[in-house]
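Inspection log for the structure reproduced underneath, given as structure tokens.
Naming convention: chains lettered A, B, ... in sequence-line order (proteins, then strands); numbering from 1 in each chain.
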Amino acid sequence: MINTGAPGCVTDKIPLNDVQKQAVLYSEGPELVFAGAGTGKTRVLTAKIAFLIQEKGVYPNRIFSATFTNKAAREMRERVESLVGIPCDSLWIGTFHSLCVRILRREAPVLGYKSSFTIYDRDDQKAVIKKVLKELDIEERSIPPKRAIQAIARFKNQCMRPAEAENRAGGFCEEQIARIYRRYTAVLSAANAMDFDDLITNTVYLFTKEPAVRKAYQQRFSHILVDEYQDTNNSQLHFVKNLAGSNPNVFAVGDDDQSIYGWRGANVENILNFDKHFANTKIFMLEQNYRSTNPVLDFANALIVAGKKRSPKKLWCTVKTGTPVQIVRYEDDRQEASVIYEQIQKLGSTGIKPGSVCVLFRTNAQSRAFEAEFRKRNLPYVLVGAMSFYERKEIKDCCAYLRLVINRSDDVAFERIMNTPARGLGDKSKQALQQLARKTGKSMLETVLTQDLSQLGARAQKGFESLKDLFSLLIQMNDEGDSPQAILEQVLEGSGYLSMLEKEDTEESRARIENINELHTTMGFWKNEQPGKHLGDFLEEVSLATDVDKWEKQEGAVNLMTLHCAKGLEFDAVFIAGCEEGIVPSALNFEDPQRLEEERRLLYVGATRARKILQCSFTQQRWRFGSVMTMEKSRYLDAIPPGLYSFTDRGFGNMAVQDSDDQPDTDDQSNHDDTGEFSQETVQYRLGQFVVHEKYGRGKIVNLSGFGGDLRLTVLFDDRRRRRLIARAANLSPA
DNA sequence: CTCCCGCTATTTTTT
DNA sequence: ATAGCGGGAG
């Protein structure tokens with residue numbers, strides 16, 4: 001048996017409650033841990049890996065562990081290392097995508113790829129689709145590229161190859177889409193490129209096509225662990241099943257209440273039916289929350305219990321006191337931003353620094369009002385997600401040059417930079433080159449590098465010659481082992497990209513140069529940390545990196561991000577802005593009951609990020625699409641019992657802070673009336689709590705607003721009169 | 001071939 | 001409000 005009691009056992013080094021401990025120690029086969037928000041999910045996962053390595057003697061390279069972000073993977077590796085006390089470089093831990101890339105780089109030839117294949121992002125996909133549409137003579141307005149991309153993603157999620165898609169297509173439109181899919185696949189394959197979905201799907205395809213390869217990987221990994229299991233999609237499920245084979249050591253952690261990626265193919269059924277896919281599954285439920293105060297938790301619970309089709313569970317915690325959750329109505333988005341700014345300022349006096357405050361919103365566009373406000377008031381902020389660094393045009397241009405050095409077949413990259421900066425290579429020259437390329441069966445860059453271009457016009461010839469010279473040099477530099485930095489420098493000088501920006505000399509072009517410098521600096525740091533790696537590795541990291549991966553908390557800077565981005569994070573204070581019909585839930589999901597449930601969960605995810613302070617706000621008017629729109633409070637807020645929050649109205653005609661017109665002037669509305677608990681120093685007020693005022697006598701708190709020194713109470717006194725008091729000045733004592 | 005003007009749709013969410 | 005795109009002039 002396992003020696004769990006031995007001193008130095010990992011379960012002794014890391015504090016675990018009973019259920020957590022059982023989940024870590026369980027070793028009898030498939031295991032599913034339902035881990036509610038803030039219940040120590042990461043802790044269990046980390047302890048589990050450390051336990052396997054240290055107590056069960058499993059070699060790190062036999063553990064396969066999928067996380068949701070690269071950042072999570074990095075942190076988990078570090079924690080495991082500190083627990084077991086040895087480096088665990090050989091541990092396979094990362095996102096599904098990065099782990100699959102690792103497999104695919106080794107096995108690429110089996111699938112007809114070179115292992116230097118490029119990873120195409122959304123923009124690259126779009127460029128390919130546009131090209132394909134033109135080629136197939138399909139108008140963009142009959143099948144918008146966006147729709148084609150979605151359709152292809154669906155095919156891939158179902159692990160359906162073009163042939164099958166064509167067979168199944170019914171009706172003209174579906175046939176067209178299947179044709180697009182076939183052609184798209186061919187273009188990517190010719191470019192030696194894979195899109196994000198391919199990374200999973202091609203690995204599954206590899207396993208199906210080559211049983212020997214599958215078997216080798218099955219034998220290689222003795223344990224498979226998956227985090228955020230509720231966000232896995234169909235192809236990922238297939239991947240896990242394929243990798244596991246008959247191996248029962250599959251461990252999944254997740255929370256169906258936090259499933260918010262249905263729109264990109266994630267299937268909650270995966271977690272709800274886990275025990276059907278993996279026989280004899282043992283299920284553990286983590287319900288004790290270590291993150292939030294009671295008011296936050298009660299609020300979040302109320303938000304989520306109204307949902308349908310979920311595994312029943314209820315989070316609880318031992319911290320019974322805390323600031324009530326606030327729901328606030330604002331006039332408009334400008335006021336929302338400015339009052340939230342003021343509240344963040346005031347939080348400072350309660351010891352909550354801007355760095356542990358987060359403003360959450362549904363759409364990236366909502367960040368503008370906050371950015372404007374914070375900039376005006378000189379409050380530093382970090383905008384996570386949104387336009388990520390690597391999505392900027394100048395960065396993508398640089399990366400396109402670099403990509404071509406690694407993969408000469410990458411025609412999308414070639415077309416991108418062919419005439420950037422301008423080399424006199426317009427549409428005509430492009431077509432001429434493409435024709436030549438088609439004849440020789442080579443890619444565009446290879447054609448430029450190896451073919452005789454003398455039939456082309458003098459101007460075009462000159463342009464292509466300069467590209468030939470540039471890339472000959474770049475490729476040579478890379479072959480000789482020059483650093484990514486040096487190669488980037490040569491791109492910037494040799495292509496004229498830098499002088500183009502310098503000549504432009506606008507505020508924008510200066511910012512672009514700044515960004516390019518940042519890329520250069522990043523490369524330097526990267527190379528320092530990973531001396532053995534090359535340009536190709538850097539580009540791979542870039543294409544799989546998310547903004548959250550890079551995000552680091554800064555003491556003085558408020559965090560701004562979308563609700564999706566906030567998953568897995570936590571903050572002392574959380575403001576969820578724009579809780580309005582049409583925003584949460586998004587108007588685009590009004591018609592779909594399943595997606596409406598997902599929107600509810602999105603709000604739940606947001607709410608459970610808060611440790612101490614939570615505010616949900618909505619506005620009466622909002623600037624959208626360049627005009628003012630009238631907004632309504634989100635339906636999800638309506639469903640919450642009034643006793644679980646305090647309402648502040650700062651809407652039109654409510655200059656002063658006003659009370660909601662709460663109905664019950666009766667005592668005892670909810671379970672909030674247990675024994676009054678107060679933390680030692682600062683007196684905490686709670687809804688429903690009884691207090692004594694020296695003049696007005698005994699009364700019950702029926703509403704709270706504001707924070708810290710600005711905390712205002714509405715007290716219903718025994719004389720049946722409501723009075724609004726400033727908590728600090730009122731000199732109240734507990735009854 | 002390049003540049004610039006004005007029209008348009010766009011706002012979900014991201015590995 | 002604004003980025004991206006097409007059309008027309010130089």
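- Other residues, nucleotides and ligands place no more than 12 heavy atoms under 6.0 Å from the CD atom of A:Glu632.
- A:Leu425 comes within contact range of the sugar-phosphate backbone alone, with a heavy-atom separation under 4.0 Å but no base atom that close.
- Closest to the side chain of A:Lys130, out of B:dT14, C:dC5, C:dA1, is C:dC5.
- Side-chain atoms of A:Arg624 lie closest to B:dT11 of the nucleotides B:dC1, B:dT11, B:dT14.
- Heavy atoms of other residues, nucleotides or ligands lying less than 6.0 angstrom from CZ of A:Arg377 number more than 12.
- Atom CZ of A:Phe625 and atom P of B:dT10 are 10 Å apart (whole Å).
- The one candidate from A:Phe361, A:Phe68, A:Trp263 that meets the ring pair (Phe, Tyr, Trp, His ring centres under 6.0 Å) condition with A:His564 is A:Trp263.
- If you check B:dT13, B:dC1, B:dT11 against the side chain of A:Thr562, the one that comes closest is B:dT13.
- Per the geometry, CD belonging to A:Glu508 stands 10 Å off P belonging to C:dG4, to the nearest Å.
- Within 4.0 Å (heavy atoms only), A:Asp427 reaches sugar-phosphate atoms of the nucleic acid but no base atom.
- Separating the CD atom of A:Gln125 from the P atom of B:dT14 is a distance of 16 Å, rounded to the nearest angstrom.
- The residue among A:Glu599 and A:Ser429 whose nearest nucleotide of DNA chain B is located toward the 5' end is A:Ser429.
- When heavy atoms are screened at a 4.0 angstrom cut-off, A:Ala587 is found touching no nucleic acid atom at all.
- Stacking of the aromatic ring of A:Trp263 onto the base of B:dT13 is found: the ring centres lie under 5.5 Å apart and the planes are inclined by under 30°.
- Per the geometry, NZ belonging to A:Lys71 stands 16 Å off P belonging to B:dT14, to the nearest Å.
- As a whole-Å value, the separation of A:Arg368 CZ from C:dA1 C1' is 7 Å.
- Within the structure, ring pair (Phe, Tyr, Trp, His ring centres under 6.0 Å) pairs that include any residue of residues 124-157 of chain A comprise A:Phe155-A:Tyr181 (at least two apart or interchain).
- For A:Arg264 and A:Tyr261, the positive end sits near the middle of the six-membered ring, less than 6.0 Å away and at most 45° from its axis.
- Nearer to the 5' terminus of DNA chain B, by closest-nucleotide assignment, is the contact made by A:Asn419 (compared with the other of A:Arg595 and A:Asn419).
- When distances are taken from the side chain of A:Trp623 to each of B:dT15, B:dT14, C:dA1, the shortest belongs to C:dA1.
- Of the listed nucleotides (B:dC1, B:dT14, C:dC5), B:dT14 has the atom at the smallest distance from the side chain of A:Asn364.
- Computed from coordinates, the A:Met418 CE to B:dC1 C1' distance equals 11 Å when rounded to whole Å.
- Using a 4.0 Å heavy-atom distance criterion, A:Gly426 is classed as a sugar-phosphate-only contact.
- Summarising the local packing, CD of A:Glu371 is surrounded by more than 12 heavy atoms from other residues, nucleotides or ligands at distances under 6.0 Å.
- With distances taken from any side-chain atom of A:Thr95 to the nucleotides B:dT15, B:dT13, B:dT11, the minimum falls on B:dT15.
- Between B:dT11 and C:dG6, the distance separating the two C1' atoms is 23 Å to the nearest Å.
- As a whole-Å value, the separation of A:Lys503 NZ from B:dT2 P is 12 Å.
- If you take CD1 of A:Ile260 and P of B:dT13, they are 13 Å apart, rounded to a whole angstrom.
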